[in-house]
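Written below as structure tokens is the structure these notes are about.
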Amino acid sequence: MLSNGNEKTNKAENGASKELPRLRLCAALLFLCLLSAGAALAGPPQRARDKERMPLPVADKVVIFAMDQVTWDDIESAYTPNIDRLSERGAVGVMNTATLTPRNPAEAHLALGAGSRGMAPPDAGAVPSNRSAGRLIPLRVPSIDTIKAHNQTYRYTVTPGLLASVLEKHNSCAALVSYDDAGVSDSNSAPLRMMSLAFMNGDGIIPYASLGNTLPDPLPQAEDAAAGYLSPVHDALTRCPVVGVYFGGTAAAEARYVPLESDGEQGPEPAVLMALERADALVGAIAHELGMDSEQPPSAAILIVVPYNDIPARNPQPGLQPIEEKPQNSPVILSGPEIPRGVLTSDTTWHSGLVANIDAAPTALALLGLPVPEGMTGKPMAVLPHEKDPAGFVADINRRTRSVDRFRAPGQTVYAALHLVAAALAALFIFIPGAARPAAPRMGLRLLALTLILFPAACLLLPAVTPPRVSVPVSFAVTYGASLSASLLLTALFRNRPAALLAALAAPPTLVALDLVFGWGLNTANIFSFSLISGKRFYGLGNEGMGVMVGAAAMGAAVLISNTGWNARRASATAAGILLLTAVVVGFPRLGANSGGAPT
């Protein structure tokens, strides 16, 4: 009799587990919607909205001022009143400087002028000073044939020197002025003199180039500069509408070390700050030369970029601590009398405050009112109005992007390790008879499984509710704590296990889909997203995010078929609809934009 009673109880429990209460399902979906709405309200959307974009005005002169190996932190730490004034009046952002091969300054400068990424030997752009300081002479880049051969070998469609070639087709030109000595001893300045790759034409020729110029010490006032060190820039502006001014390797000191401060924080090396202060004086002199401070300024624009931003860690010196610079996006400033105030964006990235190095050449052509050729994969920059604090908004994006990249590797490692632990515990439970299985470990395994399922959803919400300066250990604690809390909530809300499992499996794909539809930007700021620093993808759904969404949808469809108590036709049709909707979200160009992942 006792065994018959147990059998009836087990049958009742099995029948209950196959029921999916509609009221609780609606409550779970409402909970997810409220959670998504809270995520949207917690932070500003990262995807640029097309209706808010302001196109660039037409300018008569465009100066591209380039510095290498400079970060936003460096600019914030140095005394740069001229750069600050230009950023306050114009548009600011961060620029992705990714190249096809890592740590390749030649490819970084090649992309700046070609409008697309290509291959080049690391020393391809190195040219001698040519003894042309103070005057403009023709210059030919010796490695142009090598660069073309490299790209033909690997079948890259980049066209080196496309910016200058387009200008020549419109009876115009581009000039280059380089300053090598800014008062900082830097033996690496010659190899880094690669801005020639950005301003050469398709034959590797720059018609007007002045390399090896030096800045006086101390620097005179901006109004007194035209007769001295700025004369090559003055002459170049009279000849060409596009002028590149390269303040190259001198902006990166050989040793980036500082003693530890009293609060334990480190800052840029003083030599870097000194170089930036001198670069700022040069920027002020150029702005004065363009007449930007006059009552009726001419139509001109200054684009400040950092083409090459890889700063390797140095060997420590006695009594000093090394600054370990991680890869990060670089500063970009676009300013002019008619440039609106705000943050920069482009159709390359679809993100407010973020552009790419391949956008520089199309932007210069757009400012001059010239068409962008098909050979340029980059897009002209645009401005999103941001009246409150554009610089602060961009700094927040930069810090958050860097913190996510620091969190990505350890986060994925711990997540994979916990999966292995859960799989090992589940395997052990298989060999334990049902009556002998202890209740506490069984509940712990259930909570661990729900926590791992909900962890990607918690990662999506984390950037919206935590400051960008949160450390990696705190991020771990907050993310896993939120996942565990949600697991406990679902366990208390749903008494039958399939319903709780379905609700947990619905959370990650629902949040991912809503984020892609409304463009909140949460999917680009978590450990399962693509990296905005690597530059492989700027929008849509990466492979990690696709795996999370497709895996959760597939498991949810399986649970729906086997545990809802629906008839086979109804359950199968619902599961097929879920998988079809997932494929559309993953593959649609304006959503997931992952055409390879949709068939998967």
Side-chain angles (χ1 to χ4, degrees), residues 43-48 53 56 64-78 80 83-84 86-88 90-99 108 111-112 117 251-252 268 276 302-311 325-335 339 341-363 378-386 388-408 463 467-469 521 524-525 529-539:
Q46 298 297 306
R47 179 181 295 180
R53 294 188 180 190
L56 299 178
I64 301 179
F65 186 90
M67 303 177 287
D68 279 330
Q69 297 176 310
V70 174
T71 68
W72 267 119
D73 293 337
D74 295 338
I75 294 177
E76 291 177 356
S77 301
T80 55
I83 294 177
D84 294 342
L86 292 177
S87 63
E88 290 173 0
V92 297
V94 288
M95 174 180 285
N96 180 274
T97 58
T99 54
L112 201 69
R117 295 173 184 168
L276 280 173
I302 295 180
L303 177 63
I304 300 177
V305 296
V306 179
Y308 180 64
N309 201 29
D310 185 84
I311 304 175
E325 295 285 356
K326 302 295 183 181
Q328 58 181 290
N329 295 324
S330 65
V332 57
I333 301 171
L334 179 61
S335 185
I339 302 295
R341 185 172 185 264
V343 295
L344 292 169
T345 185
S346 75
D347 285 339
T348 302
T349 64
W350 288 9
H351 282 275
S352 53
L354 177 65
V355 296
N357 51 2
I358 58 178
D359 297 331
T363 300
K379 305 298 180 182
M381 301 178 195
V383 180
L384 284 171
H386 199 289
K388 293 183 179 180
D389 186 14
F393 177 78
V394 169
D396 181 74
I397 293 177
N398 192 36
R399 285 192 292 266
R400 192 177 297 280
T401 303
R402 292 168 61 185
S403 65
V404 168
D405 266 38
R406 289 196 302 267
F407 185 37
R408 181 174 284 107
R469 296 182 181 271
T524 61
S529 68
F530 47 85
S531 172
L532 293 178
I533 295 178
S534 68
K536 297 178 180 178
R537 174 185 281 267
F538 295 108
Y539 54 86

Do [X] side-chain atoms and [Y] backbone N/O form a donor-acceptor pair below 3.5 Å?
{"X": "D68", "Y": "Y308", "answer": "yes"}
{"X": "S330", "Y": "V306", "answer": "yes"}
{"X": "T345", "Y": "H351", "answer": "yes"}
{"X": "D347", "Y": "P380", "answer": "no"}

ask   = Among V394, I333, L334, which residue meets the side chain to side chain contact (heavy atoms under 4.5 Å, CB included) test with S87?
value = I333
Residue pair [X] / [Y]: nearest heavy atoms and the distance that separates them:
{"X": "R341", "Y": "P390", "value": "NH2-CD, 3.4 Å"}
{"X": "T99", "Y": "A108", "value": "CG2-N, 3.5 Å"}
{"X": "L112", "Y": "P307", "value": "CD2-CG, 3.8 Å"}
{"X": "W72", "Y": "G93", "value": "NE1-O, 3.3 Å"}
{"X": "M95", "Y": "V305", "value": "CE-CG1, 3.7 Å"}
{"X": "V70", "Y": "P331", "value": "O-CD, 3.3 Å"}

ask   = If you measure only the distance, is there a donor-acceptor pair under 3.5 Å linking the side chains of T71 and D74?
value = yes
ask   = Between T97 and N309, do the side chains contain an N or O donor and an N or O acceptor separated by less than 3.5 Å?
value = no
Once you round to the nearest 0.5 Å, how far does [atom1] of [X] lie from [atom2] of [Y]?
{"X": "T80", "Y": "I304", "atom1": "OG1", "atom2": "CD1", "answer": "9.0 Å"}
{"X": "I339", "Y": "L344", "atom1": "CD1", "atom2": "CG", "answer": "9.0 Å"}
{"X": "T348", "Y": "I358", "atom1": "OG1", "atom2": "CD1", "answer": "5.0 Å"}
{"X": "S346", "Y": "D359", "atom1": "OG", "atom2": "CG", "answer": "3.5 Å"}
{"X": "M381", "Y": "T363", "atom1": "CE", "atom2": "OG1", "answer": "4.0 Å"}
{"X": "F65", "Y": "I83", "atom1": "CZ", "atom2": "CD1", "answer": "6.5 Å"}

request  = Begin with the C-alpha distance, continue with both residues' side-chain angles, and end with the deciding distance and a verdict on side chain to side chain contact (heavy atoms under 4.5 Å, CB included) for V355 and K379.
outcome  = CA-CA 9 Å; V355 296; K379 305 298 180 182; over 6 Å; no
inquiry  = Checking L276 against M67 for the side chain to side chain contact (heavy atoms under 4.5 Å, CB included) test, could you report, in this order, the C-alpha distance in whole Å, the side-chain angles of both residues, the deciding distance, and whether it holds?
reply    = CA-CA 9 Å; L276 280 173; M67 303 177 287; 3.9 Å; yes
inquiry  = N96 vs T349, test: side chain to side chain contact (heavy atoms under 4.5 Å, CB included). Steps then yes/no.
reply    = CA-CA 9 Å; N96 180 274; T349 64; over 6 Å; no
